[in-house]
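In what follows, every chain begins at residue 1, and chains take the letters A, B, ... in the order their sequences are listed.
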There are 4 protein chains.
Amino acid sequence: MNCTEEKKKLGFASDYMKGAYPAIIERLAETNMMETCGYGLDPICESARDKIRMACECPRARVEFLVGGTQANATVIDAVLRRHQGVVAAETGHIASHEAGAIEASGHKVLTVPHINGKISPEQVSIFLEDYYNDENHDHMVMPGMVYISHPTEYGTLYTKKELQELHEICRKYHIPLYLDGARLAYALACPASDVTLPDLAEFCDVFYIGGTKCGALFGEAVVVPDPELIPGFFSIIKQHGALLAKGRILGIQFDTLFTDGLYEKIGEPAIKAADKIRTILQMKDYHLCFDSPTNQIFCVMENDQLEKFGERVEYSFWEKYDEDNTVIRLATDWATTPEETDALIEIL
Amino acid sequence: MNCTEEKKKLGFASDYMKGAYPAIIERLAETNMMETCGYGLDPICESARDKIRMACECPRARVEFLVGGTQANATVIDAVLRRHQGVVAAETGHIASHEAGAIEASGHKVLTVPHINGKISPEQVSIFLEDYYNDENHDHMVMPGMVYISHPTEYGTLYTKKELQELHEICRKYHIPLYLDGARLAYALACPASDVTLPDLAEFCDVFYIGGTKCGALFGEAVVVPDPELIPGFFSIIKQHGALLAKGRILGIQFDTLFTDGLYEKIGEPAIKAADKIRTILQMKDYHLCFDSPTNQIFCVMENDQLEKFGERVEYSFWEKYDEDNTVIRLATDWATTPEETDALIEIL
Amino acid sequence: MNCTEEKKKLGFASDYMKGAYPAIIERLAETNMMETCGYGLDPICESARDKIRMACECPRARVEFLVGGTQANATVIDAVLRRHQGVVAAETGHIASHEAGAIEASGHKVLTVPHINGKISPEQVSIFLEDYYNDENHDHMVMPGMVYISHPTEYGTLYTKKELQELHEICRKYHIPLYLDGARLAYALACPASDVTLPDLAEFCDVFYIGGTKCGALFGEAVVVPDPELIPGFFSIIKQHGALLAKGRILGIQFDTLFTDGLYEKIGEPAIKAADKIRTILQMKDYHLCFDSPTNQIFCVMENDQLEKFGERVEYSFWEKYDEDNTVIRLATDWATTPEETDALIEIL
Amino acid sequence: MNCTEEKKKLGFASDYMKGAYPAIIERLAETNMMETCGYGLDPICESARDKIRMACECPRARVEFLVGGTQANATVIDAVLRRHQGVVAAETGHIASHEAGAIEASGHKVLTVPHINGKISPEQVSIFLEDYYNDENHDHMVMPGMVYISHPTEYGTLYTKKELQELHEICRKYHIPLYLDGARLAYALACPASDVTLPDLAEFCDVFYIGGTKCGALFGEAVVVPDPELIPGFFSIIKQHGALLAKGRILGIQFDTLFTDGLYEKIGEPAIKAADKIRTILQMKDYHLCFDSPTNQIFCVMENDQLEKFGERVEYSFWEKYDEDNTVIRLATDWATTPEETDALIEIL
């Protein structure tokens, strides 16, 4: 992807290439000269918090607005863990691989387990925790102090409600919190294949964040803590992590818009429809799909010669080498993907 | 300040209460559906970088856009210092007092020296560094590895060009960088009392940041590193600090606007004019002004009974108790302060 | 002090210049070929723990043996504080100045208050905590999460039982622990001027350490936590800090010896007697004593010409410049200082 | 292993169960009342440094004495890495698993690669580094900033001189240092199967430590830095890590003794002879040996029923479950293992 020129190609490289859902821009313009106090203590943020609490059916939840995903992960994990604890995650988890060591920079080890299509199973987590406590030298090792999952995962896959519930129970058994990274949560909620709702997250997770950046906002992630007592000093820890936006209302405006009239739960629908259509065509044309991912990310194998031409007309993401002659690529749709763009892509495939 | 209701009062509490300079909002709207690559690698960011380099007369400078001030300070300081080094700052420096320990959280001590109206003098810094190296136990102490100043300071005061030059020379003598926090830099540049220009900063500082949040942007700070080789791995360190905005162009748009047609160097003028007028009236009315601050912050003493009534009509900042009967307050003007607001305030004084 | 030649001079430079109380060396020799398990879980460590619990009249106390003072401070403070908390200390406290930033390296700010002869008063601490909670922006600041004192202080001064009790009450009021650094504790316990006993420490402190390195051991500090539930994961945190000695029994042997037949409470007596005698002579000869320090450290002013000759015959510590013509020096006695050495020093004065 | 009773069993659980080589204890006793300056600046430390430099044929090397292995690893790695860098290690490396997160606690990720009998091959390292630089998103990932190996490894295996040389060349190609953890180095040097000498380590490693704790000292590890300019501020960083022993000469005495008359290179011989004899018998008796480890650690599979009886007479280490009916155990010999103990063990097998 040539980053120094404006795009002329079809854009399927990622889901953070465009601006915001238009109503957000309108509302930014409308409220621009309003004066409000800073740091998220303003009435717009309060309104957004209330709407999120309502959508999650969790009236006591603490809701904090942070700017980005790596920031949210690093801040939450650092705020929750004690000094000697680490966080259990899939080896493919964003925190394990693509956050430049942000978790370790705050002093905590990421304890990885092998992934299953981007997920970790309740069994894996159970065995990991059991093994730790069975090891007679475990106090020479990093104590697993929380479990991190992403939903959708980095591979576009989803947890079922039953899996979430089981993970929740394992975590409760070991008295450690379950944390869900919802950077692309809107694409899970809009996915017919998923039986997980926002209230489910509030029931089964101890902390989770509702992604804005990739789901229609300019930026922003809403961290939800169902039990507001869970994290003492959270506000100061957010500040300490450089994650407290001075003009916090800019985040409030975005989430207030996204949580008005159930927008957030619907905003991913165009992405899912487009992705489903693309997947159907890919399968018809005998492309190999790498993961059974029902959300807005499509991973498929393309022959290198074809890919070269494809790349002249379409922005895509290189994922990894498949073999000498083939490459795994990722195509991502988003909230703004149009049927026209989808059809144009299909034409090229 | 009651943060849960919209303001009806005159707003002089701080300079981050409003949105952005209107042209920024317009440009956000115009570019909203454009697709660009992320992380600040897009052409808008490149354009903004070029304009900043030009304004600073520093064509080789590295320019990185971060979201907020605490974040910029924590990231830059952590990126520059070695493990055993700390940062010298005034005891009133933002990093020393109001960043919730963000510098220490990344492992570094803030080595404070007493302030002189918010500033530290070249002499103080020179003595501090000399004392460190003269102490025969200095390798049991934190090594001063950089010098931090803010301009304007937290007290609204300014360094002169000569002072900057002297600080620069001391730092060069000890082979440590000089870092300038320009959170409110626009108000220094617009101040007739100041002889310091952007090219001066590029000449005398090893790193500095050009504040956006308090100077007409929704958010954002532009970190300028005149010698681009100074900080190896800076991009990764920004990511590690959770300070890399996915849709980086949102920052690019703001700084590109602020650096078009010299806007940034003029944007603070209304604030300075308003503040000067208010200061004149305050002196005429025999209020005690606490610091000789020529920028957009005014610190004065108000009798408590009067303050109670004043507070019913004006948003101000409590600074500190002066004595039993009096209080130091801060009034802040900003880029959007109007002559009408100023006159209305003067009426009340 | 020329460190590369063996000493021929009288040694009053510090209290860690010699080896260990002879009985310790004997016991190391006797037990040398014994086999015990590692990491302080052996029966000798258990015996030492029991003797310390008994001496402190605190049968439930957790006792951990660490190697050195900076290590003990850094480990304890890091283990006790939460992420957003700092530690309140005198600006002259060892953690604030002479530990190369070990506290900050684990992410925590040292919140300094001015010292009064090396001490901080209950009033100072009370005001500091009150001011923090009264500041409406306190959640942008580092939360004071514990109070650190040293006893004797770095200036050889002592807290009274009443002062300790008051500090304890203030800490309890604010729900933060009181931590006492007893690097030179034996010299306080042996000091007739002191009314503070080991059981008093166990009553008024939440954590404290009994210094070995400067009090007759080769090395080693015994951290005592009267409430064993105070620090979850303490063993792992000790390991994480690199502070867990593999052959832990070497520490156990030393503390078991020091706590047999009340040795630790008496071991400082020769030091106190020698120091008292030296102080008496200094006063008779009209030297200026800088602090009213009743323990094993003597701070006095010496004229520079005299100091030069003095330094040819005596090892002393340079403390600081007094004025152009005079210097503050420190003379330290220790558990092994003999009357002959003391008389020889007095001869020279 | 019942840690609260003195041992009556044959001791093969580990190599840190006994005290020190007797000459060390004698020398501690002889020098006990000497006065020397602290922090490793004394003449005994200097003498030990010189002997180590000579044994390594590296006259310019910097040599620092630290107390323990986890401490040495954490301090060296933290001192060498820049903020955004991590350390490449085998997944079985001590730093990756059994140091309670000490590396992460100082902010750095351990980048693990699968082990081959405890080792990592030059090919693996080469591919890992190449992959990192080939990944177009590598600046969102932790930069590999050094390579860590242990020799002998945690599985008792050894690198060949050729492997070390290749690792050295790869590291040089990527401008990153090679660090070797020699906690059990004496057992490698005494091993006839090994062609690696101390001068080889000084030639191929950028930093390494010569283990004392497990090789005849009470405690202590000698960190050797062949290029003394490699680590600026190393002394302060050691202090900051709580790793600077006040009475540093205690370390000097131990290493001076170990490096007198080539003792260190011979001290492991009894351990190797005993281990070889035990391995021969085990093979004769058809036990399964898990790794081809030629040093002082023996890993074999024992049937659970037999193990129960074995454990009544022999201290061993549980390694891991082999299957339902069998267990992998570790037997460790050491510098003090006698032929009588070895024969008694063989009798039991």
Chemist: Given that the side chain runs from C-beta out, which part of C:A29 has a heavy atom under 4.5 Å from chain D: side chain, backbone, both or neither?
Modeler: both

Chemist: Heavy atoms only, distances under 4.5 angstrom: which of D:H241, D:M33, D:Q71, D:Q240 has the most pairs with chain C? Name it, please.
Modeler: D:Q240

Chemist: May I ask you to name which of D:R249, D:H98, D:K214 has the most heavy-atom pairs under 4.5 Å with chain C?
Modeler: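 Among D:R249, D:H98, D:K214, the one with the most close pairs to chain C is D:R249.
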
Chemist: Using non-hydrogen atoms and a 4.5 Å limit, figure out which bit of D:A217 sits close to chain C: side chain, backbone, both or neither.
Modeler: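 Backbone only.
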
Chemist: Can you tell which of C:K9, C:E315, C:K8, C:M17 makes a side-chain contact (heavy atoms from CB on, under 4.5 Å) with D:E35?
Modeler: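 Exactly one pass, corresponding to C:M17.
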
Chemist: What option among D:A336, D:A20, D:A74, D:G107 has the most heavy-atom pairs under 4.5 Å with chain C?
Modeler: D:A20

Chemist: Where does D:L245 contact chain C at under 4.5 Å (heavy atoms): side chain, backbone, both or neither?
Modeler: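 Side chain only.
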
Chemist: Looking only at side-chain N and O atoms, does C:K247 offer a donor or acceptor that is under 3.5 Å from a partner on D:T213?
Modeler: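 No - no donor-acceptor pair under 3.5 Å links their side chains.
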
Chemist: Taking every non-hydrogen pair under 4.5 Å, which of C:I44, C:I250, C:L218, C:L28 racks up the most with chain D?
Modeler: C:L218

Chemist: Considering only heavy atoms, which portion of D:Y16 lies under 4.5 Å from any heavy atom of chain C: side chain, backbone, both, or neither?
Modeler: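 Backbone plus side chain of D:Y16, per the 4.5 Å heavy-atom cut-off to chain C.
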
Chemist: Top residue by heavy-atom pair count (under 4.5 Å) with chain D, among C:G19, C:G11, C:G242?
Modeler: C:G19

Chemist: What part of D:A246 gets within 4.5 angstrom of chain C, counting heavy atoms only: side chain, backbone, both, or neither?
Modeler: both

Chemist: CD/D:E26 to CG/C:N32 distance, rounded to the nearest 0.5 angstrom?
Modeler: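 Nearest 0.5 Å value for the CD-CG distance: 10.0 Å.
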
Chemist: Could you have a look at C:P22, C:G101, C:S47, C:S236 and say which one has the most heavy-atom pairs with chain D under 4.5 angstrom?
Modeler: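 Heavy-atom pair counts peak at C:G101.
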
Chemist: Tell me if the OH atom of C:Y21 is crowded by more than 12 foreign heavy atoms within 6.0 Å.
Modeler: no

Chemist: Which one wins on heavy-atom pair count under 4.5 Å against chain D: C:I24, C:T70, C:T75?
Modeler: C:T70

